[in-house]
Amino acid sequence: MTVTLGYGAQPRAAYAVDPNQTRERLFPEASSPTRTPFQRDRDRIIHSTAFRRLKHKTQVFVYHEGDHFRTRLTHTIEVSQIARSLARALRLDEDLAESLALSHDLGHTPFGHEGEDVMHECMADYGGFDHNAQSLRIVTDLERRYAQFDGLNLSWETLEGLVKHNGPLVDRDGRAIGKLATTGLPFAVTEYAKKQDLMLWSWPSAEAQVAAIADDIAYDAHDLDDGLRAGLLSFDAMDQVPLLHDILTEVDTLHPGLEDARRIHEMVRRCITRMVEDVISESIRRLENLAPSRVDEIRFASDAVIAFSGVMAKQEKELKTFLFSHLYRHPDVLEVRKRVAQVTRDLFAAYMDMPENMPGPWCDGVENSDMPTRARRVCDFIAGMTDRYAIDEHRRLFDDTPDLR
C-alpha cells in the first residue's frame, strides 16, 4: 500500500526523504497498511527499553536534585518538538525528523557527559566509547525484543541519520575525518559498517540535520532555564552575552518588574523562537542556492543545508561558551561530576574483575572471553544504567558510595 502524507498547502519538498522510496531495513519486513516506515521507526523507538531509561538519566542535574529539572527524556521530547516544527516549516518528512530526535540520546550513559567521558577513558584500550555510536549499537543489537532479529531493525534512513547527523564521518577513501581523524571511527560504527553501508562519507538527509540543530537549540535554551532555576546562573551574568542581553532588554521593556519565574520563561521562549526562525530563514536560503531536486543532492552537497546564519552561529557559540564556564564548570556541578565519575570508574573495575557481579544474561559466557569482549559487555551494561540504578549497584558492591547531594 502506498501511503501519501498530506501537508495541505505545503506539499513535501522534492529534496525531502520520501517514505515510499526508503532503502528498506537490514532484515526485510512486510510494509504496514497504516504507517509509513518512519512512523514505525518512531513507534519502535518510543516503545524501546532504552527510551524509557532516559527518564532517569542526567541532563545537567542528577535526578535527586529536583523534580522540575530536565532529564535526558524530557530533553529528548523537547528536541523532538523543535525538530518537527523545523521539518514542517521546511517541508521535510516530520516523522523521520521526529524518529531521529527521539533516538539521538539513547546511547547516553548515566550521569550525563561526565559518565560518557569516564566510560571513554575506561574503554581507551578497547575501542573507546561514544554515545552517538552507542545509540546505533542499541537500535541495531542491544535491544532484544523481536523474534526475527536483534535491535529494532529501523529503516536505512533512520540509521543513516542517527550515525552521522552531525555530518560525514569519513572521506570518500574511508579515512576518518574531523574529530575522528585522531581516534578513528567508534567501535559500534565500525562493526555495523560490516553489515550495511550507511554512506559514512556523505552528509545525511535534511531531516537528520534538522534533528541535530534542534538538539543544540533545546539544550542551549533549557540549560539556561535549569541553571537559572537552580540558582547557579544569574541575570546579571547573562546580560554580558549579546543574544541574551537583547532578549532581556526586550522582555524588560515589554514587562517591567516581571517576577523571576515569568522573566525566565519569557527569556527562554524568545531564545528558542529566535534560533528556530533563524534556522528556517538560513536553511531556506541555502536550499534555494543549492536547488536540490532529490534527497541525494542534499547528501552530496559540500556543506550542511540546515544551519544557523553567520550572525546567529556566532551568538550561539558565545552562549555555549557562557554555559560552559558559568554552568557546566560551576563548582557545585563540578563537585557532583567528580563523585559520579568515581561511581562509574568503580563499577567498571568491579565488573571487569568479577563479571559474575552483572546479572544474567549480561554475565553469560563473558568470564572466559578475551578482555576486549569482556570490556565491551561491561561497557554496554553500564551505559544502559539509569543514574539511580548505577548508584544502587555501587552501594551493593562497595562499602562506601559517594554522597551526590
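Computed from heavy atoms alone, side chains included, the values below leave out hydrogens, waters and symmetry copies.
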Any Lys/Arg nitrogen of D105 or K57 sitting under 4.0 Å from an Asp/Glu carboxylate oxygen of the other? no

As a test of understanding, state which of L243, L224, D220 forms a side chain to side chain contact (heavy atoms under 4.5 Å, CB included) with F322. L224

Step by step, would you call E393 with N357 a side chain to side chain donor-acceptor pair (under 3.5 Å)? CA-CA 10 Å; E393 277 292 278; N357 278 320; over 6 Å; no

N153 and R44 have their tightest heavy-atom pair at O-NH1, 3.5 Å

Taking the side chain as every heavy atom from C-beta outward, state whether Q342 and D346 have any atom pair closer than 4.5 Å. yes

D399, CG: over 12 other non-hydrogen atoms inside 6.0 angstrom: no

Between F51 and I46 the two heavy atoms that sit nearest each other are CD2-O, 3.4 Å

When you compare the side chain of H326 with that of L232, does any pair of heavy atoms fall below 4.5 Å? no

Strictly distance-based, threshold 3.5 Å: is any side-chain N or O of E160 a donor or acceptor partner for the main-chain N or O of L198? no

Test your reading of the model: is there a side-chain donor-acceptor pair from E297 to the backbone of Y15, 3.5 Å cut-off? no

Do R337 and Y328 form a cation-pi contact, if we require the NZ or CZ to be under 6.0 Å from the six-membered ring centre and within 45 degrees of the ring's axis? no

Is a donor from one side chain sitting under 3.5 angstrom from an acceptor on the other, for S202 and K164? yes

Measuring only between side-chain heavy atoms, which start at C-beta, is E191 closer than 4.5 Å to D141? no

Side chain to side chain donor-acceptor pair (under 3.5 Å) for Q81 and S85? Distances and angles first, verdict last. CA-CA 6 Å; Q81 178 269 317; S85 296; 3.3 Å; yes

Do H222 and E78 pass the side chain to side chain donor-acceptor pair (under 3.5 Å) test, and can you show the C-alpha distance, the side-chain angles, and the key distance before you say yes or no? CA-CA 9 Å; H222 296 139; E78 290 165 347; 2.8 Å; yes

So, do F348 and M123 sit near enough that their side-chain heavy atoms are less than 4.5 Å apart? yes

Backbone N/O of R299 and side chain of D296: donor-acceptor pair under 3.5 Å: no

I'd like to know if the side chain of T49 and the backbone of R52 have a donor-acceptor N/O pair within less than 3.5 Å. no

Run T109 and E116 through side chain to side chain donor-acceptor pair (under 3.5 Å) and show every step you take. CA-CA 6 Å; T109 61; E116 179 178 18; over 6 Å; no

Considering all heavy atoms, the nearest D223-L233 contact: O-CD1, 4.3 Å

Would you verify whether the NZ or CZ of R137 falls within 45 degrees of the ring axis of Y192 while also being under 6.0 Å from that six-membered ring's centre? no

Considering all heavy atoms of both residues, which atom of V251 and which atom of R270 are nearest to each other, and what is their separation? CG2-CD, 3.7 Å

Using a strict cut-off of less than 4.0 Å between a Lys/Arg side-chain nitrogen and an Asp/Glu carboxylate oxygen, indicate whether R263 and E266 qualify as a salt bridge. no

Backbone N/O of S309 and side chain of D278: donor-acceptor pair under 3.5 Å: yes

Check against salt bridge (Lys or Arg N to Asp or Glu O under 4.0 Å), R285 and E288: CA-CA 5 Å; R285 185 189 69 80; E288 288 177 345; over 6 Å; no

Ignoring hydrogens, what is the shortest heavy-atom contact between Q39 and R35? Give both atom names and the distance. OE1-CA, 3.2 Å

Side-chain contact, heavy-atom cut-off 4.5 Å: I298 with Q209? yes

When S48 is tested against each of D43, L152, L142 for side chain to side chain contact (heavy atoms under 4.5 Å, CB included), which residue passes? L152

Report yes if the side chains of R286 and D303 come closer than 4.5 Å at any heavy-atom pair, otherwise no. yes

Short question: side chain of H245, backbone of V241 - any donor-acceptor pair under 3.5 Å? no

Does H56 reach the main-chain N or O of R53 with its side chain, forming a donor-acceptor pair under 3.5 Å? no

Electrostatic pair D41:R25 at N-O distance under 4.0 angstrom: yes

Between the side chain of R12 and the main-chain N/O of L92, is any donor-acceptor distance below 3.5 Å? no

Cationic tip of R172 above W201 ring, under 6.0 Å, 45° of axis: yes

Do the side chains of R229 and D225 get close enough for a salt bridge, i.e. N-O under 4.0 angstrom? yes

Should we say atom CZ of R329 is surrounded by more than 12 heavy atoms from elsewhere, each under 6.0 Å from it? yes

Nearest heavy-atom contact between L100 and G161 is CD2-C, 3.5 Å

Indicate the ring-plane relationship of F27 and F149, choosing parallel, tilted or perpendicular according to the 30° and 60° boundaries. parallel

Quick one: does any side-chain atom of R376 pair with a main-chain N or O of Y126 as donor and acceptor, under 3.5 Å? yes

Answer yes or no: is there a side-chain heavy-atom contact under 4.5 Å between E94 and R88? yes

T76 (side chain) donor-acceptor with R72 (main chain) under 3.5 angstrom: yes

Aromatic ring proximity H108/H75, centre distance under 6.0 Å: no

Would you mind reporting whether H394 and P402 have side-chain heavy atoms less than 4.5 Å apart? yes

